[in-house]
J.: 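First the structure, which I've put down as structure tokens, then a few questions once you've had a look.
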Amino acid sequence: VDGKLRVKMWNDAATNIYGWKEDEVIGKVVYNVFKSKESPIERLKVLEYLRTNEYLNSEYIHYSKDGSPINIKSTIIAKRDNNGPSIEYMLINRDISELKNAAEIVATSNSEIENLNQKVIELEKSNDESKEILLKYENSEKLFEKRISEVLRKQKEAKELLDAKKLKVEELNQKII
């Protein structure tokens with residue numbers, strides 16, 4: 001990007017991320033290509049920051065040519081002429097949408113695991129309550145056996161669900177790593 005914020009170079013990776021072809025973006029103002037929700041004031045703050053700093057790392061939500069949102073990890077490097085004002089900028093943008101989605105899935109899975117853990121604890125408490133009833137009422141053996149079977153079945157189901165969610169979280173953590 002030149003000093004007037006016009007796109008000078010465009011590569012295949014950028015085309016894959018944004019959907020714009022090189023001949024569609026060369027010479028256009030960068031904000032007309034990298035569309036986002038950032039206000040003009042926020043954009044000016046970035047440029048002001050780059051006047052005194054060599055680079056900026058940040059995350060944005062940009063929109064592709066077709067309007068789809070893209071989570072972007074951006075590094076903007078300011079190129080100066082003999083340590084003077086910035087005369088060009090290099091933007092290195094990476095699509096981190098899959099990483100963000102995976103992190104969201106992990107967070108949701110962790111919440112679900114916690115909920116399943118709570119259900120297991122509740123079932124164990126329910127099991128303990130059932131044992132007390134048996135001691136108080138000797139004639140309730142048949143009812144108790146049915147309740148215990150139900151509780152054990154639910155515990156088994158909850159444990160299986162918990163094990164499946166733990167496996168899913170481990171798989172997602174491996175993908176993130």
Side-chain angles (χ1 to χ4, degrees), residues 10-21 25 30-31 33-39 42-43 45-46 49 53-77 90-177:
W10 192 259
N11 62 26
D12 290 341
T15 297
N16 291 337
I17 292 172
Y18 293 99
W20 295 99
K21 294 181 183 175
V25 298
V30 71
Y31 298 120
V33 178
F34 299 136
K35 294 182 180 179
S36 68
K37 290 185 178 178
E38 282 77 42
S39 70
E42 291 171 307
R43 293 173 184 165
K45 286 180 183 179
V46 168
Y49 177 84
N53 295 279
E54 291 181 25
Y55 67 92
L56 172 69
N57 287 311
S58 193
E59 290 184 12
Y60 301 97
I61 295 178
H62 285 173
Y63 295 91
S64 68
K65 181 179 178 180
D66 69 6
S68 302
I70 314 162
N71 289 292
I72 294 292
K73 172 86 174 176
S74 184
T75 300
I76 305 171
I77 301 168
M90 181 178 2
L91 283 71
I92 303 167
N93 291 346
R94 292 174 233 50
D95 182 349
I96 59 168
S97 298
E98 286 186 21
L99 180 63
K100 290 277 190 178
N101 291 340
E104 193 173 299
I105 289 169
V106 168
T108 300
S109 295
N110 286 339
S111 175
E112 289 174 359
I113 288 170
E114 183 59 34
N115 288 339
L116 289 171
N117 281 335
Q118 285 302 113
K119 287 180 181 181
V120 168
I121 290 169
E122 290 170 12
L123 289 171
E124 287 173 349
K125 286 180 183 178
S126 176
N127 190 16
D128 290 344
E129 290 170 4
S130 296
K131 287 179 184 177
E132 285 182 31
I133 291 171
L134 179 63
L135 293 173
K136 290 179 182 179
Y137 305 101
E138 292 179 7
N139 293 333
S140 63
E141 286 180 1
K142 289 182 182 179
L143 178 63
F144 177 73
E145 287 174 6
K146 183 178 177 183
R147 176 74 174 134
I148 288 294
S149 294
E150 182 180 310
V151 168
L152 292 174
R153 181 184 56 76
K154 286 181 181 178
Q155 282 179 324
K156 181 180 177 185
E157 289 173 3
K159 185 176 181 331
E160 289 171 355
L161 281 172
L162 180 62
D163 290 342
K165 288 294 181 178
K166 284 181 181 177
L167 183 61
K168 185 176 180 181
V169 167
E170 288 175 15
E171 289 173 1
L172 289 170
N173 283 334
Q174 289 300 318
K175 285 183 181 179
I176 290 173
I177 294 173

J.: So, for Tyr63 and Ile70, which heavy atoms are closest and what is the spacing to 0.1 Å?
T.: C-CD1, 4.2 Å

J.: Within a radius of less than 6.0 Å around NZ of Lys35, do more than 12 heavy atoms belonging to other residues, nucleotides or ligands occur?
T.: no

J.: Short question: side chain of Trp10, backbone of Trp20 - any donor-acceptor pair under 3.5 Å?
T.: yes

J.: Distance-only, no hydrogens or angles: does the Ser64 side chain make a donor-acceptor pair with backbone N or O of Ser68 under 3.5 Å?
T.: yes

J.: Going through the distances and angles, do Ile72 and Tyr18 end up as a side-chain contact (heavy atoms from CB on, under 4.5 Å)?
T.: CA-CA 10 Å; Ile72 294 292; Tyr18 293 99; 3.6 Å; yes

J.: For Glu104, does the CD atom sit with more than 12 other heavy atoms under 6.0 Å from it, leaving out its own atoms?
T.: no

J.: If you round to the nearest 0.5 Å, how far is CG of Leu56 from CD of Glu54?
T.: 12.5 Å

J.: In Å and rounded to the nearest 0.5 Å, what is the NZ to CD1 distance from Lys119 to Ile121?
T.: 13.0 Å

J.: Could you give the distance from CD1 (Ile92) to CZ (Arg94), rounded to the nearest 0.5 Å?
T.: 6.5 Å

J.: Kindly determine whether Glu150 and Arg153 satisfy side-chain contact (heavy atoms from CB on, under 4.5 Å), including the steps that lead there.
T.: CA-CA 5 Å; Glu150 182 180 310; Arg153 181 184 56 76; 4.0 Å; yes

J.: So how far is it from Ile105 CD1 to Glu98 CD, rounded to the nearest 0.5 Å?
T.: 10.0 Å

J.: For residues Asp95 and Ile17, report the shortest heavy-atom separation together with the two atoms involved.
T.: N-CD1, 3.9 Å

J.: Identify each donor-acceptor pair in which a side-chain atom of residues 159-171 lies under 3.5 Å from a protein atom, sequence neighbours left out, and give them as a table.
T.:
residue : atom : partner : partner atom : Å
Lys159  : NZ   : Asp163  : OD2          : 3.1
Lys165  : NZ   : Glu112  : OE1          : 2.3

J.: More than 12 heavy atoms of other residues, nucleotides or ligands under 6.0 Å from CG of Asn11: yes or no?
T.: yes

J.: Do Glu59 and Lys100 sit within salt-bridge range, that is, some charged N less than 4.0 Å from a carboxylate O?
T.: yes

J.: Counting neighbours of OH on Tyr31 that are heavy atoms of other residues, nucleotides or ligands and sit closer than 6.0 Å, is the number greater than 12?
T.: yes

J.: Please check this pair: side chain of Ser97 against backbone of Asn71, looking for a donor-acceptor N/O pair closer than 3.5 Å.
T.: yes

J.: State whether a side-chain donor-acceptor pair under 3.5 Å links Tyr60 with Asn93.
T.: no

J.: Please find the pair of heavy atoms, one from Ser36 and one from His62, that lie closest to each other, and give the distance.
T.: CB-CD2, 3.7 Å

J.: Take atom NZ in Lys65; do more than 12 heavy atoms of anything else shown fall under 6.0 Å from it?
T.: yes

